[in-house]
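Each chain gets a letter, A, B and so on, in the order the sequences are listed, and its residues count up from 1.
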Amino acid sequence: MVVVGRKELTLAERLYLPEVMRGLALTFGKFFEKPITRQYPEEPLPTDEVTRGQPRLVVKDDGNIACVSCGMCEIACPAYAITIDGGETDRAIEREPKKFEIDMLRCILCGFCEEACPKDAIFMSNELELADYTRAALVYDLEKLRRPKSALQRRIDYVYKLSARWRRAK
Amino acid sequence: MTKIQINGRELEVDPKQPLIRACHDHGVDVPMYCYHPGLQAVGSCRICQVEVAGAPGQPSRVVAACRTPVSEGMVVQTDTPKAHETRRECLEFLLKNHPLDCPICDKAGECDLQDYSYNEGQGKGRSSEPRRKLHKRKSLGDVIVLDEERCILCSRCVRFFTDVTKKAQLTVEGLGSRSVINTFMDKPLEGNYQGNLADICPVGALTSKKFRFQARVWNLSKSLSTCAECSRGCSISVESLRGKEVKRFRPRYNAAVNQWWMCDTGRHALAPVTRALAPAGAVLGGRLTGAAVRGYNGLEARATEDTLPLVADMLATHSGATLVLSPFATEEEGKAALELARALGARPQFLSPAPNGLKDDLLHTGDPCPNRRGLTELGFEPVEPAALLAQLATAPAAVLAGERVLELVGHDGLAKLPSKLRLVAFDLEAADHACLHMAISVPTHVEKAGHWTNVDGHRGVLNVAVAPPAGVRRLDQSLQTLTRLLAGVSSKA
Amino acid sequence: MDKSLLSDVPQVAIWIARVVVIFGGLVTTAALMSLAERKVSAWMQYRYGPNRVGPFGLLQPLADGLKFLFKEELIPAGANKLLFRLAPAMAAIPSMMTIAVIPIGTLVIDGDTIPLSIAPGVDLGIMYMLALGGLAVYGAILGGWASNSKYSLMGGLRASAQMISYELSLILSILVAVVLSGSLDLTKIVEAQSHGFWNVFTPFGFVAFVLFTIASFAETNRHPFDFAECEPELVGGFHTEYSAMRFALFFLGEYCAMTVMACLNVTLFLGGPSLPFLENTPWWLGIPVFLLKAAFFLFLFIWVRWTLPRFRFDQLMRLGWKVALPIALANLLVAGAWVAFTTKGG
């Protein structure tokens, strides 16, 4: 059996009022301290390279999209959020996506697409905000998904670092 | 029959077939690239090597299963380390010059090389020499593109022309590491069977220009069906992207009809089944999805259920109607049409357009009616478009039923018919001819189930590969409803 | 010029002006209290508080009011519709009406003295306040009962039990001030203290002041005695089922009651608009002084709320019946005796 000993209250404590005064003094002191709240839309949370935000497509430095619409991310996606229709181009890499849609309402930001991609074409960006007025507007098409490689470089470097570690571990 | 032992199982096999067929027929997996059951075996790729026990006291041998005839008492092992090792070494050579572009390659997902590399291959090549740099997209005519880098020189395509079409068009050009597949004198390929090259190529070297980059093959849902382009009725599989849009027709092995092959006419006949729908609310300018009835402002959209009673009333008041079925009508639709013909007192006829001159020795019959034999056996009489137009010119009313029937009769001829002819069409599309009073939509042959009987009496099956657009009713059901309504109208009268 | 500036203005206009100014001030104060409550709590918790609507969030009460006006009003199935609709008004209106007898100070315009009070010099001012203050609890009780919800009913029950327990101490401590000043008229009570000697400076006055302050917390259902609402147990108590403007009326009533209690406290014990130890406080200083004193008590209401945890209900009852009531009774006796023995001809 456990007996929890209770502290015998002193008279001042039993009178409540002195303790109430002490409490009031404490809260009044906090009055003048600097708030620690983050003013969100104006001060966004700084994102790290580890941040797994929404998936975005890499646009290479030559202006072409890195995706070849191989469909690996589409198959890897556990939420069936990705739909790709391929098409032919005249470039050395003959295939490119004609339609690349990610239903952001379905996307669960798991990063499987990033792992599955054999062409370093899709990466989890640090973009986190997702709000719109219609469901249709949240099905992101190619135009909304394109990002220059430089914008995603930090994540790309991180993914390379990470996969190198996995390979070593294997 | 010859008795052999494969992987410890005593089997009786056909002595005329090579060992690889014996293995495949009994569910033993042996990889193959150059071997194709429809082509002469050459044993060039060596991937089908298996271990065969030697004579007593002799060591076992590794042989190419495609070039080894079965012999009584043969003891074959396909799964031993020795067989695997030989195949792995062989695969390494095949992969020496094969580019790693599966993400781009159209064959990915149905590629033998990809599958066996995944199962048996090693993660890394040991060669430090660069891969061959060759043409990545060399056009071989209107149908096929050749990617020379991906080619593993199995020569299936070369043998297809020599063995199947009996007219050699391709050859392996150059020697040793400089060998490539090419046509004679760089002439483009010709003939109606080029499309089969894309099917038989075990890698992504020969791909179909029409299907190139259209879809990843694992996204295609496949459905057993029958080709609609001639009375041969080749067995095909209809492959639709995510179950919606039909992307390709491919031949399906049927020993009685087409073996492994089909012609390009049938393979590329996607246009009739991928028509765009008419704009919402309209009845012209695309596929009809409900029904159309001629009113004061021309053809107006209606629901099929509301239109069939109108058709019944009209047919009851204008007796002596002509009934003509489309050549694409199935056996089931034919039976429903027979009932209707009996109710109308009409002669059952089906439209029989003239032969289209595509007849050849291999598959194509030149007759564009895939169910001619089936409909004839049901009691339908063939009628030529010209003869039909002459009939219609004097008829009080007519029912033309089945997909593409208006198109096959000829829009020019129909446009000249007088408006006093009450024409009812069950067709994919309506047309604004004065004589066309009512039109009711029907499904295409990839949207319905049924049977066609081909020229040799083989009963080909049709399955629903894609769902018909909303509002489209099955033709046999529409005709049955019409017959029932007619009986009701006449009994009231 | 014999005539003063206001001699041509009809008396009715001056009455109306007083009503508008005081009543408007009360409602505005109540609205601003809702903002102050959030702002003060935020500052005590290292936060900013509402700062999006208007400069420093000053327009937040307006935005809230608009929101309340446009929200859907729900009446639960099985509720007594008449009483359900009546209850918020019952909570808000008596609280607002009690401000009428509070003397906030005087305005002197061109020689004319205008008391800044809706009903100055009511003989039974305190009785009026207590009577109406007693009515306010009906809002909570009716709302709790009419909602047809167990939480609301419990909230209403607690409100009534608590009100009865603390009204006793409240009245007994008010009586001390009455005894000291010798009148039930609030204006007279203020006058009695206007020479710099507040009621709170006497020992029993001080005890009564402390008891009154504590009881006013209980009377207005404020922390640490807000058992009628008590979110963790009763999900909002008597107003669980209320929405939109009816819900807002309960709040308006609560804040009005707080404001009136603060004013009453100032009037009874802290000399109303007078400064301590001064023989005469100039009239122009009186009003700001009164408002400042009242503001302090309003701040105290919020300050205590965000400092102290809620009592247990049995603790509340024990404090009310076994501590506050005996002390208040004894205090009144002592004060009465002292006044009786020191006043000549009494």
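- Of the listed residues (Glu74(A), Met72(A), Lys98(A)), the greatest number of heavy-atom pairs within a distance under 4.5 Å of chain B belongs to Glu74(A).
- Contact of Asn219(B) with chain A is made through the side chain alone, with heavy-atom distances under 4.5 Å.
- For Arg267(B) and Phe249(B), the positive end is not near the middle of the six-membered ring at less than 6.0 Å and at most 45° from its axis.
- For chain A, the nearby part of Ala215(B) is the backbone; its heavy atoms alone come within less than 4.5 Å.
- Aromatic ring centres of Tyr116(B) and Tyr33(B): separated by under 6.0 Å.
- Between Glu114(A) and Arg155(A), the closest side-chain pair of non-hydrogen atoms falls below 4.5 Å.
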Discussion item. If you apply the rule side-chain contact (heavy atoms from CB on, under 4.5 Å), what do you find for Tyr80(A) with Arg106(A), and how did you get there?
Written reply: CA-CA 7 Å; Tyr80(A) 304 109; Arg106(A) 290 193 139 217; 3.4 Å; yes
